[in-house]
A.B. asks: 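Sharing a structure here in structure tokens format.
Since the structure is predicted, the reported quantities are computational estimates derived from the model, not experimental observations. Below, chains carry the letters A, B, ... as their sequence lines are ordered, and counting in each starts from 1.
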2 protein chains.
Amino acid sequence: MLINSQGKLSHVDLKVTFPLTTNNMRVACSQCNLRELCLAVGLDDDDLHKLDDLVTKRKLKRGQQLYRAGDAFEAIYAIRTGFFKTDILTEEGLEQVTGFQMAGEIIGMDGISNEHHVCNATALEDSEVCIMPYDQLEDLSRSIKSLQQQFHKIMSREIVRDQSLMILLGSMRAEERIAAFLLNLSQRMHMRGYSASEFHLRMTREEIGSYLGLKLETVSRAFSKFHDEGLIGVQQKYIRILNADGLRALLNHTPS
Amino acid sequence: MLINSQGKLSHVDLKVTFPLTTNNMRVACSQCNLRELCLAVGLDDDDLHKLDDLVTKRKLKRGQQLYRAGDAFEAIYAIRTGFFKTDILTEEGLEQVTGFQMAGEIIGMDGISNEHHVCNATALEDSEVCIMPYDQLEDLSRSIKSLQQQFHKIMSREIVRDQSLMILLGSMRAEERIAAFLLNLSQRMHMRGYSASEFHLRMTREEIGSYLGLKLETVSRAFSKFHDEGLIGVQQKYIRILNADGLRALLNHTPS
DNA sequence: CAAAAACGTTGATGTTGATCAATTCGCAGG
DNA sequence: CCTGCGAATTGATCAACATCAACGTTTTTG
């Protein structure tokens with residue numbers, strides 16, 4: 001029951017140790033310390049247990065896809081551990097990354113409108129997700145007002161997030177985009193109890209570039225420049241933020 | 001009751017005549033011939049009347065704002081007639097247009113996540129909207145499953161729309177963006193029973209540029225070029241699509 | 001462990017679209 | 001009707017980023 005039909009539950013050591021009580025295969029929203037980020041915000045114990053009943057989970061190894069563009073839409077997913085990217089294949093066959101998602105974030109809502117997913121979701125490290133079958137979630141959210149409200153907020157947050165990215169893509173220059181990207185990652189790491197000032201990038205320069213509308217060389221050059229200016233430390237995928245205010249200053253500074 | 005407190009209901013002749021039974025101030029979803037685009041999709045008569053009960057309407061003259069960034073979020077809006085833009089003021093004080101909306105489209109959902117709007121919505125011509133108070137809509141959608149489903153689909157559609165724009169901004173070149181923009185407008189006009197091949201732009205070159213991440217001069221040059229190539233006719237804001245396939249060819253052609 | 005593949009950095013050059021600037025067009029108000 | 005102002009067009013120049021290319025480093029795989 002707990003194992004999704006697509007899930008090959010190979011037992012892997014998760015590379016990222018996450019402060020989560022992983023009591024062996026069984027996951028309850030009521031026990032999850034991500035619940036303040038997730039759909040469970042504001043539910044009382046009774047309602048939490050109803051939510052528990054419809055959630056199962058699935059592990060993915062690095063590189064595995066959670067869903068693909070064109071797949072029938074069946075569920076939305078809450079990331080428990082790990083790191084994902086979502087991307088779309090454009091007409092011309094180029095992939096464009098539309099987002100990077102981490103623990104506590106919900107993905108898959110793009111599929112609601114057509115009953116099919118429009119993007120791919122790929123694990124960038126060994127990961128684990130909660131599967132929330134959509135029709136059951138809809139039913140439950142008709143009977144639990146605070147679940148309904150939280151679900152709507154999460155969808156709206158996705159709309160607002162996408163709009164921020166539109167602004168970034170439409171009006172920022174390369175270095176501003178990259179500074180914004182690093183600060184955003186830093187802040188999201190911090191919210192999850194990790195260091196805001198040092199972390200490992202899970203994605204390649206090319207994926208960052210695709211996300212930010214830049215070429216990988218431009219990303220690499222910006223990293224090197226920030227490094228030379230003492231704003232960040234860069235060793236491959238290991239990043240240290242040395243001067244967050246300096247990065248922020250790049251954003252406000254309107255040189256055009 | 002029908003008149004929103006902010007609405008100064010000056011009686012204006014709507015410039016756009018729309019095939020709608022405007023029986024004087026009172027609007028029923030059950031009578032509206034936009035209902036197939038709107039929230040009312042799939043509701044039976046009984047449910048339609050419940051929706052009618054919570055909807056009021058408001059007229060706006062060209063240039064008036066429906067809501068502003070920072071306003072408390074109270075309702076979402078269905079456009080009955082007219083044309084809107086939504087935009088955000090960036091940190092540096094530049095406006096960036098995030099969308100153009102026409103009859104049958106729903107706006108304001110950005111406000112759900114924080115209980116405040118994050119963008120401005122401005123009428124680009126004399127317009128009329130249906131006001132749907134959000135808390136009442138939430139309540140009603142808990143009791144009407146098909147209303148709930150339709151609402152979720154509309155939010156999801158907004159997410160998908162934003163992602164298409166991200167792809168446009170992240171991976172297309174100037175002329176591709178403008179071709180895509182014209183084809184998109186054309187198709188939406190067509191869906192609403194207008195000509196797909198000729199229409200008036202309601203926005204300036206600068207607003208188009210802002211939306212597409214380009215400068216107004218670039219927009220103007222692309223229009224002129226398309227004109228010279230016989231793809232479109234341009235006389236100020238009056239546009240004719242002369243060779244839609246030619247425009248589409250610009251999109252698939254991957255010169256990079 | 002060795003070889004290959006993927007990833008990343010850096011330099012030289014080219015193209016796209018931004019910027020600066022001049023002019024025209026169209027419309028609203030005195 | 002003229003005036004003034006916002007909008008649009010067009011040209012000349014420039015800067016930012018892409019492209020092409022070479023090389024170094026890390027990771028994967030047989």
A.B. asks: Distance check needed: C:dG17 P versus B:Leu168 CG, whole Å only.
C.D. replies: 12 Å
A.B. asks: Whole angstroms only, please: what is the CD-P distance between B:Glu217 and C:dT23?
C.D. replies: 17 Å
A.B. asks: Answer yes or no: side-chain N or O of B:Arg221 and base N or O of C:dT19 forming a donor-acceptor pair under 3.5 Å.
C.D. replies: yes
A.B. asks: Take atom CD of A:Glu125 and atom C1' of D:dT27, then tell me their distance rounded to the nearest Å.
C.D. replies: 17 Å
A.B. asks: Looking at every strand, decide which applies to B:Gly209 at a 4.0 Å heavy-atom threshold: base, sugar-phosphate, or nothing.
C.D. replies: nothing
A.B. asks: Mind checking A:Leu214 for me? I need base, sugar-phosphate or nothing, with any heavy atom below 4.0 Å counting as a touch.
C.D. replies: sugar-phosphate
A.B. asks: Between atom OH in B:Tyr238 and atom C1' in C:dC25, what is the gap in whole Å?
C.D. replies: 19 Å
A.B. asks: Given that B:Val219 and A:Glu175 both sit by DNA chain D, which one's nearest nucleotide is further toward the 5' end?
C.D. replies: B:Val219
A.B. asks: To the nearest angstrom, how far is A:Leu212 atom CG from D:dA16 atom P?
C.D. replies: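 So the CG-P distance, A:Leu212 to D:dA16, works out to 18 Å.
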A.B. asks: Could you go through residues 234-243 of chain A and list every donor-acceptor pair under 3.5 Å that involves a side-chain atom there, pairing it with any protein atom two or more places apart or in another chain?
C.D. replies:
from     : atom 1 : to       : atom 2 : distance (Å)
A:Tyr238 : OH     : A:Glu198 : OE1    : 2.1
A:Asn243 : OD1    : A:Asp245 : N      : 3.4
A:Asn243 : OD1    : A:Gly246 : N      : 2.7

A.B. asks: Could you tell me the separation between the CZ atom of B:Phe223 and the C1' atom of D:dT10, rounded to a whole number of Å?
C.D. replies: 16 Å
A.B. asks: B:Lys237 side chain N/O closer than 4.0 Å to the phosphate oxygens (OP1, OP2) of D:dA8?
C.D. replies: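 Yes, within the criterion.
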A.B. asks: Looking across every strand, which nucleic acid part, if any, lies under 4.0 Å from B:Lys225 by heavy atom: base, sugar-phosphate, or nothing?
C.D. replies: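 No contact.
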A.B. asks: For C:dA18, does either OP1 or OP2 sit under 4.0 Å from a side-chain N or O belonging to B:Thr218?
C.D. replies: yes
A.B. asks: A:Tyr67 versus A:Asp110: any side-chain heavy-atom pair under 4.5 Å?
C.D. replies: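 A side-chain contact exists here, since the closest heavy-atom pair is under 4.5 Å.
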A.B. asks: Using a heavy-atom cut-off of 4.0 Å across all strands, would you classify A:Gly63 as base, sugar-phosphate, or nothing?
C.D. replies: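 A:Gly63: no heavy atom of the nucleic acid under 4.0 Å.
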A.B. asks: Do NZ/NE/NH1/NH2 and the carboxylate oxygens of A:Arg192 and A:Glu105 come within less than 4.0 Å?
C.D. replies: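 Salt bridge present between A:Arg192 and A:Glu105.
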A.B. asks: Could you tell me how far apart B:Lys215 (NZ) and D:dG11 (C1') are, to the nearest whole angstrom?
C.D. replies: 19 Å
A.B. asks: Atom NE2 of A:His227 to atom C1' of C:dG8: distance rounded to whole Å?
C.D. replies: 14 Å
A.B. asks: Using the side-chain heavy atoms of B:Ser224, tell me which of these nucleotides is nearest: D:dT9, D:dT28, D:dA8.
C.D. replies: D:dT9
